[in-house]
Amino acid sequence: MKKHNFKVTIEAKTETDAEEKVKALTVLAAMLSAKELAKLAQVVTYDPVKTAMAKTYLGL
């Protein structure tokens with residue numbers, strides 16, 4: 001698979017938090033297909049009940 005580079009801006013309280021977000025996003029991008037990642041973004045954006053359930057399941 002080809003690698004692509006992008007410059008992005010991440011909102012976070014600290015640089016450490018921003019780095020943690022980028023690392024997590026990198027893992028998600030590596031483990032999920034584009035279709036799966038888009039569906040996850042859709043659920044997080046438009047389905048607060050499922051998002052809350054997922055956070056509870058993750059202990060957050």
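Both backbone and side-chain heavy atoms feed into the values below; hydrogens, waters and symmetry mates do not.
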Task: Test item: Val8 and Leu25 side chains (from C-beta on) under 4.5 Å apart, heavy atoms - done: no
TODO: Identify the two heavy atoms, one from Glu36 and one from Met31, that lie closest to each other, and give their separation to 0.1 Å.
DONE: OE1-O, 4.4 Å
- [ ] To the nearest 0.5 angstrom, please state how far the NZ atom of Lys50 sits from the CG atom of Leu40.
- [x] 11.5 Å
Task: Spatial distance of atom CD (Glu20) from atom NZ (Lys23) [nearest 0.5 Å] - done: 8.0 Å
Task: Non-hydrogen atoms of Ala12 and Asp17 that approach each other most closely - done: CB-CB, 3.8 Å
- [ ] Tell me whether Val44 is reachable from Leu37 by hopping between hydrophobic residues (I, L, V, M, F, W, Y) whose side-chain heavy atoms are closer than 4.5 Å.
- [x] yes
Open item on the list: Give me the atom names and distance for the closest heavy-atom approach of Glu11 to Lys21.
Closed with: O-NZ, 2.6 Å
